[in-house]
Amino acid sequence: MVRKLPQDRLTVALPKGRLFDQVISIFASAGIIENLIKQDSRKLILQVDKFNFLLVRAKDVPVYVEYGVADIGVAGDDLLFETKPDVYIPVDLGVGACTIMVAGLPEDRNKYFSNPTSLKVATKYPNIARDFFGKKGVKVQIIELYGSIELAPLVGLADFIVDIVETGRTLRENGLVVLEEISPSSAKLIVNRASYKTKSEEVMPLIEKLENTLVKG
Ligand code: PRP
């Protein structure tokens, strides 16, 4: 039973799923780890080279890093804008590129652009949606969902959605259109504020190796 991770290693929280392989491949190209790591077991802690890797839900990465259980992690701007964790964000890894958008049914385009005073919006990003419409002076009723956001306007749960769009396929296949762009998003390296100082001998070279690899691209 692990209660405390070995402190002589850097602990890295990585999102399971789509981004994992891309991040691991950047770490390997940068010479941070020797070999690629596969997500083929159910293990949640992987001790590889000089690192403890924690495999967590994307949304939980900033939590592990902010609380200092992980020294570093990888998280998309979408999550960072949504949860505003108190962490350093030193490197844009360039992967996981997507755009945070407002979308809806084409027949609701006029409703959206005719200066509405209030809108019903489904999203897994309630803070981003509230900030965005707040700045426009539009009142929003937020319906918070955890996935398949595109379903909401199709069945009348909400008129519009705020969500990330990567290839645009989910919108297209469900007959939805982009109405407005909120912000681009890509994966960032995030670092716990205390680790940035107390473990700078390990953290700084890691940042430099990543920057060198990404510049060479
Ligand atoms: C995300 C997002 C969109 C989709 C966009 O969902 O919420 O639904 O990807 O990608 P596309 O533009 O390439 O179609 P995800 O796959 O993470 O699943 P979820 O619906 O369970 O959140």
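We count ligands from 1, going down the list as the structure has it; atoms in each ligand are counted the same way.
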So, taking the atom named CD1 in Ile149 and the one named CG in Leu171, what distance separates them when rounded to the nearest 0.5 Å?
11.5 Å
Please list, one pair per line, the donor and acceptor atoms closer than 3.5 Å that link side chains of residues 30-45 to other protein atoms, with sequence neighbours excluded.
{"unit_1": "Gln39", "atom_1": "OE1", "unit_2": "Gly17", "atom_2": "N", "d": "3.0"}
{"unit_1": "Gln39", "atom_1": "NE2", "unit_2": "Gly17", "atom_2": "O", "d": "3.4"}
{"unit_1": "Ser41", "atom_1": "OG", "unit_2": "Lys43", "atom_2": "N", "d": "3.0"}

Using atom types as modelled, flag every donor-acceptor pair under 3.5 Å from a side chain in residues 92-113 to any protein atom, sequence neighbours excluded.
{"unit_1": "Asp92", "atom_1": "OD1", "unit_2": "Gly94", "atom_2": "N", "d": "2.9"}
{"unit_1": "Asp92", "atom_1": "OD1", "unit_2": "Ser186", "atom_2": "OG", "d": "2.9"}
{"unit_1": "Asp92", "atom_1": "OD2", "unit_2": "Ser186", "atom_2": "OG", "d": "3.4"}
{"unit_1": "Lys111", "atom_1": "NZ", "unit_2": "Asp159", "atom_2": "OD2", "d": "3.2"}
{"unit_1": "Tyr112", "atom_1": "OH", "unit_2": "Glu180", "atom_2": "OE1", "d": "2.6"}

Are any non-hydrogen side-chain atoms of Tyr88 and Arg193 less than 4.5 angstrom apart?
yes
Shortest protein contact, atom 9 (O) of ligand 1 (heavy atom only):
Arg18 NH2, 3.2 Å
Taking all non-hydrogen atoms of both residues, which atom of Val65 and which atom of Ala13 are closest, and how far apart?
CG2-CB, 4.5 Å
Before signing off on this row, confirm whether Ile149 and ligand 1 have an N or O atom pair separated by under 3.5 Å.
no
Protein heavy-atom partner closest to atom 5 (C) of ligand 1 - residue, atom, separation in Å:
Ile164 O, 3.5 Å
Give the atoms of ligand 1, by number and element, whose distance to some non-hydrogen atom of Val165 is under 4.0 Å.
12 (O)
The option among Asn174, Leu171, Thr170 carrying the non-hydrogen atom nearest to atom 4 (C) of ligand 1 is Thr170
Looking only at protein heavy atoms, what sits closest to atom 11 (P) of ligand 1 is Thr167 OG1, 3.3 Å
Please list the nearest protein heavy atom to atom 8 (O) of ligand 1 with its residue and the distance rounded to 0.1 Å.
Glu150 OE2, 2.7 Å
So for Asp163 against ligand 1, with non-hydrogen atoms under 4.0 Å, the contacting part is side chain
